Structures are given as structure tokens and as C-alpha cells.
Amino acid sequence: MTSTDLTAATTTSVFIPGPATPYQGDIARYWDVEARPVNLRLGDVDGLYHHHYGIGDVDHAALGDPGDSAYEKKLIAELHRLESAQAEVLLDHLGPIGRDDTLVDAGCGRGGSMVMAHQRFGCKVEGVTLSAKQAEFANQRAHELGIEDHVRARVCNMLGTPFETGQAAASWNNESSMYVDLHDLFAEHSRVLAVGGRYVTITGCWNPRYGQPSKWVSQINAHFECNIHSRREYLRAMADNRLVPQAVIDLTPQTLPYWELRATSSLVTGIEEAFINSYKDGSFQYVLIAADRV
Ligand SMILES: C[S@@+](CC[C@H](N)C(=O)[O-])C[C@H]1O[C@@H](n2cnc3c(N)ncnc32)[C@H](O)[C@@H]1O
Ligand SMILES: CC(C)=CCC/C(C)=C/COP(=O)(O)OP(=O)(O)O
Ligand SMILES: [Mg+2]
């Protein structure tokens with residue numbers, strides 16, 4: 001830490017450490033300026049802002065006729081419904097959570113999953129993100145909803161959180177584990193979780209059966225500046241950190257309809273083909289892993 005940093009730290013009421021590595025600085029900047037319409041317009045549907053993808057069957061009856069003037073609005077609502085359905089499935093796997101419990105969302109983005117968790121369980125939800133803009137956004141939403149005493153995001157590295165050992169009844173990563181070393185990540189979840197607590201991730205991972213990351217997986221990594229891990233790496237790093245998988249669910253068939261629908265929308269970002277091709281050639285999988293902290 002330089003003397004300038006020290007001065008800054010002592011003149012602000014809350015000291016927020018800078019990114020732990022230059023890579024984390026890049027990721028913080030990436031999310032600070034991110035404003036893709038596919039994320040903001042979907043979030044505007046009901047005020048739950050997600051940075052993850054969708055699962056479930058498309059409701060073609062709700063979409064109606066592609067020729068209708070209202071079709072695009074319905075398409076956006078449908079994509080958003082599928083993204084919220086994804087978060088519901090993650091929450092389904094947290095186990096019984098009481099109002100007095102604390103949950104930890106590692107890599108919380110704009111906070112959509114945190115709000116849903118609080119609305120379902122009535123509990124406290126603590127989120128961390130590298131991006132100050134995302135944390136501000138999430139806290140502003142919590143304030144608007146009057147739940148700021150239960151839902152809070154802070155700027156913090158998920159590999160070294162301020163949470164007490166054993167504080168959390170459950171914790172999760174929703175599409176945020178491809179930015180970190182998995183051994184470091186699961187060591188921190190294992191520390192923060194109570195014994196008997198539950199960890200859940202929904203993530204994209206490369207399939208060891210394919211051999212190595214395919215060109216599509218490399219394209220997704222380059223697009224998001226992330227580093228997708230293999231399914232094997234997840235299971236190994238969990239086993240090494242007292243996290244025992246209770247469920248491993250391949251959500252790939254359930255996420256394909258979302259991508260195929262999204263590919264037809266005006267909100268495409270150019271990454272749709274890489275997801276669709278890699279899911280179809282078996283090189284990439286969308287999985288949920290729920291593990292017990294033992
Ligand atoms: C794709 S977004 C997912 C956001 C959220 N989980 C959701 O479902 O909407 C990835 C998130 O991971 C966060 N992230 C990446 N590396 C991180 C780290 N080392 N510590 C904390 N957050 C991190 C980013 O800041 C971003 O909020
Ligand atoms: C499954 C994998 C590999 C995910 C990578 C992490 C990521 C960027 C998720 C979606 O974020 P987003 O909602 O901001 O992306 P988009 O703008 O494409 O909707
Ligand atoms: Mg998105």
C-alpha cells in the first residue's frame with residue numbers, strides 16, 4: 001500500500017481495499033461500465049436485475065405472433081422469466097432457511113438473486129462484487145424496496161470476505177466462479193459456512209469427456225474475460241474443502257431453449273452462437289452443484 005492509499009483510507013469512513021490482483025482490477029472495470037440492453041431491459045421488467053442466463057421451456061402461447069407489434073416486449077419478458085426461473089432453482093437447493101439466517105452471494109452482480117432470496121426466506125443476504133457500480137446499484141434497489149436492512153452488497157473479493165467463520169447458513173455462486181481459482185474460492189466458502197450449511201453454484205463448465213476446452217469455450221472466455229473451469233475441477237476443489245456434493249444437475253437441456261429464443265431477439269450480443277454450439281457439441285455444460293459443508 002502506498003502512502004497515498006493510506007491517506008485515502010484514513011480519510012474515508014469505510015475502507016474498501018483495492019483489487020487483490022491486476023486481473024481483478026480488469027474485472028471490476030468490466031462490470032463498472034457494463035450496460036448491455038439485454039441485461040437492463042430484462043431487469044426493467046420487474047426490477048430484478050440479473051447477470052445470469054435462463055432455464056425452462058419457452059411459453060410460446062405467451063409470446064404470441066412474431067408479427068405483432070407487442071412481440072418484442074413479450075420476448076423480453078419471457079427471457080427475463082427464464083432468468084428468474086434459474087435463480088429460483090438455485091434457491092430451491094439452499095435447504096431450509098429461516099428468517100434469522102444469513103446467506104452469502106459471492107459475485108452478486110446487480111443483486112437480483114439476493115432480492116429473490118430475501119423475499120423467499122425473509123433472511124439477511126450479504127453480497128460481494130468487485131464492481132463499485134454494481135454494489136451501488138444493488139444497494140439502491142434494496143433501498144427502493146425498503147429491504148436495505150436485510151439485503152446488502154459490498155465491494156469485496158469473494159476469496160477474502162469480511163464474514164465471520166461459520167456465519168452463513170448457505171452461500172452461492174451464480175455464474176461467478178469462472179473468475180477465480182476454485183480451491184481458493186471453496187476454501188473461503190468452507191470457512192464462512194456453518195458446519196451442515198449448504199453451498200450451491202450454477203455455472204458453465206467445460207466437459208472433461210470432450211478432452212480440453214473447445215474453441216467455443218475459448219470464445220466465451222475471451223468475450224467475458226473469464227476462465228471457465230472443467231466439471232472435474234469443481235468436484236475436486238469441493239472435495240478438498242469439506243464440500244460434499246449432494247446434487248449435480250446437468251441443466252444444459254433446460255438452458256438451450258433460452259439461448260435459442262435469445263438468438264432471435266433484437267438484444268443479441270454476438271455470444272449466442274458460442275453457447276448454442278458448445279452446448280450442442282457436448283464440450284460445455286450448464287450445471288448446478290449443491291454441496292453440504294461437512
Ligand atoms: C456474471 S456476473 C453474475 C452476477 C450475479 N451472480 C447474478 O447472477 O446476477 C459475475 C459477478 O462476479 C463478480 N466477481 C468476479 N470475480 C469476483 C471476485 N474475485 N470477488 C467478488 N466478485 C467477483 C463480478 O463482480 C460480477 O458481479
Ligand atoms: C455461463 C458462463 C460461462 C457465464 C460467464 C459469466 C457471465 C458473464 C454471465 C452472464 O452475465 P450477463 O448477463 O452480464 O451476460 P449477457 O450480457 O450475455 O446476458
Ligand atoms: Mg444477461
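Only heavy atoms go into these numbers, but all of them, side chains included; no hydrogens, no water, no symmetry mates. Note that the structure is predicted; figures quoted are calculated from it, not measured.
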Item to complete: Show your working on salt bridge (charged side-chain N to carboxylate O under 4.0 Å, His left out) between R236 and E233 and close with a plain yes or no.
Response: CA-CA 5 Å; R236 185 181 285 174; E233 221 176 317; over 6 Å; no

Under 3.5 Å, sequence neighbours excluded: what are the donor-acceptor pairs made by side chains of residues 149-158?
from : atom 1 : to   : atom 2 : distance (Å)
R152 : NE     : E126 : OE1    : 3.2
R152 : NH2    : E126 : OE1    : 3.4
R152 : NH2    : E126 : OE2    : 2.9
R154 : NH2    : E126 : OE1    : 3.1
N157 : OD1    : Q24  : NE2    : 3.2
N157 : OD1    : L159 : N      : 3.0

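- Linking Ile, Leu, Val, Met, Phe, Trp and Tyr whenever their side-chain heavy atoms come within less than 4.5 Å leaves W216 and I228 in two separate clusters.
- Formation of a donor-acceptor pair under 3.5 Å by the Q285 side chain with backbone atoms of R231 is not found in this model.
- Looking at E272, its side chain does come within 3.5 Å of a backbone N or O of G270 through a donor-acceptor pair.
- Within a 6.0 Å sphere centred on CZ of R120, heavy atoms belonging to other residues, nucleotides or ligands number more than 12.
- One N or O on the side chain of T255 and one on the backbone of G54 form a donor-acceptor pair closer than 3.5 Å.
- Between D292 and R198 there is a salt bridge, since a side-chain N of the basic residue sits under 4.0 Å from a carboxylate O of the acidic one.
- Remark: Y210 pairs with no residue by the side chain to side chain donor-acceptor pair (under 3.5 Å) rule, at least two apart or across chains.
- At a cut-off of 3.5 Å, with distance as the only test, no side-chain donor of Q140 or E136 sits close to an acceptor on the other residue.
- Not counting sequence neighbours, the partners of K280 by the salt bridge (charged side-chain N to carboxylate O under 4.0 Å, His left out) test are E260.
- With sequence neighbours left out, the side-chain contact (heavy atoms from CB on, under 4.5 Å) criterion links Q254 to I55, L251.
- Once rounded to the nearest 0.5 Å, the distance linking OH of Y279 with OG1 of T252 reads 6.0 Å.
- Side-chain contact check for S113 and H50: no donor-acceptor pair (N or O, by modelled atom type) lies under 3.5 Å.
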Please tabulate, for the side chains in residues 62-75, all donor-acceptor contacts under 3.5 angstrom to protein atoms that are two or more places apart in sequence or on a different chain.
from : atom 1 : to   : atom 2 : distance (Å)
D65  : OD1    : G67  : N      : 2.8
E72  : OE2    : S266 : N      : 3.4
E72  : OE2    : S266 : OG     : 2.5

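- By the 6.0 Å contact criterion, CZ on R81 is enclosed, its count of non-hydrogen atoms from other residues, nucleotides or ligands being greater than 12.
- Applying the side chain to side chain donor-acceptor pair (under 3.5 Å) criterion to S278, with sequence neighbours excluded, gives no partner residue.
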Give every donor-acceptor pair under 3.5 Å between a side-chain atom in residues 31-39 and any protein atom, sequence neighbours left out.
from : atom 1 : to   : atom 2 : distance (Å)
D32  : OD1    : S131 : OG     : 2.6
D32  : OD1    : A132 : N      : 3.3
D32  : OD1    : K133 : N      : 3.1
E34  : OE1    : R110 : NH1    : 3.0
E34  : OE2    : R36  : N      : 2.9
E34  : OE2    : N39  : ND2    : 2.8
R36  : NH1    : Y30  : OH     : 2.9
R36  : NH2    : Y30  : OH     : 3.2

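- Between I76 and L267, the closest side-chain pair of non-hydrogen atoms falls below 4.5 Å.
- Proximity of a side-chain donor or acceptor of N139 to a complementary backbone N or O of A135 within less than 3.5 Å is detected.
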Discussion item. Quick one, D100 with C123, criterion side chain to side chain contact (heavy atoms under 4.5 Å, CB included). Give me CA distance, side-chain angles, the key distance, then yes/no.
Written reply: CA-CA 6 Å; D100 295 334; C123 63; over 6 Å; no

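- Residue pairs that meet the ring pair (Phe, Tyr, Trp, His ring centres under 6.0 Å) test with at least one member in residues 220-252, sequence neighbours left out, are H229-Y234.
- Looking at residues two or more places apart in sequence or on another chain, you find no ring pair (Phe, Tyr, Trp, His ring centres under 6.0 Å) involving F121.
- With 3.5 Å as the limit, one finds a donor-acceptor pair spanning the side chains of N173 and S176.
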Worksheet item: Could you go step by step and tell me if Y23 and Y179 meet the side chain to side chain contact (heavy atoms under 4.5 Å, CB included) rule?
Response: CA-CA 9 Å; Y23 172 76; Y179 295 94; 3.4 Å; yes

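- Side-chain contact, Q134 with Y49: no donor N or O sits under 3.5 Å from an acceptor N or O.
- Using a 4.5 Å heavy-atom threshold, the side chains of M178 and N227 count as separate.
- Between the side chain of R141 and the main chain of L48, no donor-acceptor pair closer than 3.5 Å is present.
- A distance of 10.5 Å separates CD in E78 from CG in L42, rounded to the nearest 0.5 Å.
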For residues 239-249, please give each side-chain donor-acceptor pair under 3.5 Å, one per line with the distance, not counting sequence neighbours.
from : atom 1 : to   : atom 2 : distance (Å)
D240 : OD2    : H183 : NE2    : 2.9
N241 : ND2    : A237 : O      : 2.8
R242 : NE     : V294 : O      : 2.9

Item to complete: Mind running ring-ring contact (aromatic ring centres under 6.0 Å, His included) on W259 and Y53 for me, showing each step along the way?
Response: CA-CA 8 Å; W259 283 103; Y53 300 122; 4.4 Å; yes

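- Residue pairs satisfying the salt bridge (Lys or Arg N to Asp or Glu O under 4.0 Å) criterion with at least one member in residues 157-177, sequence neighbours excluded, are absent.
- Note: S171 OG to R293 CZ = 10.5 Å, rounded to the nearest 0.5 Å.
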Fill in: Evaluation steps, ring-ring contact (aromatic ring centres under 6.0 Å, His included), between F275 and Y286
CA-CA 10 Å; F275 276 90; Y286 197 51; 8.2 Å; no

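- Looking only at distances, a side-chain donor or acceptor of R191 sits under 3.5 Å from a matching main-chain atom of F163.
- Judged by distance alone, the side chain of H118 and the main-chain N or O of M114 form no donor-acceptor pair under 3.5 Å.
- When the side chain to side chain donor-acceptor pair (under 3.5 Å) test is applied to R29, the partners found at least two apart in sequence or on another chain are D26.
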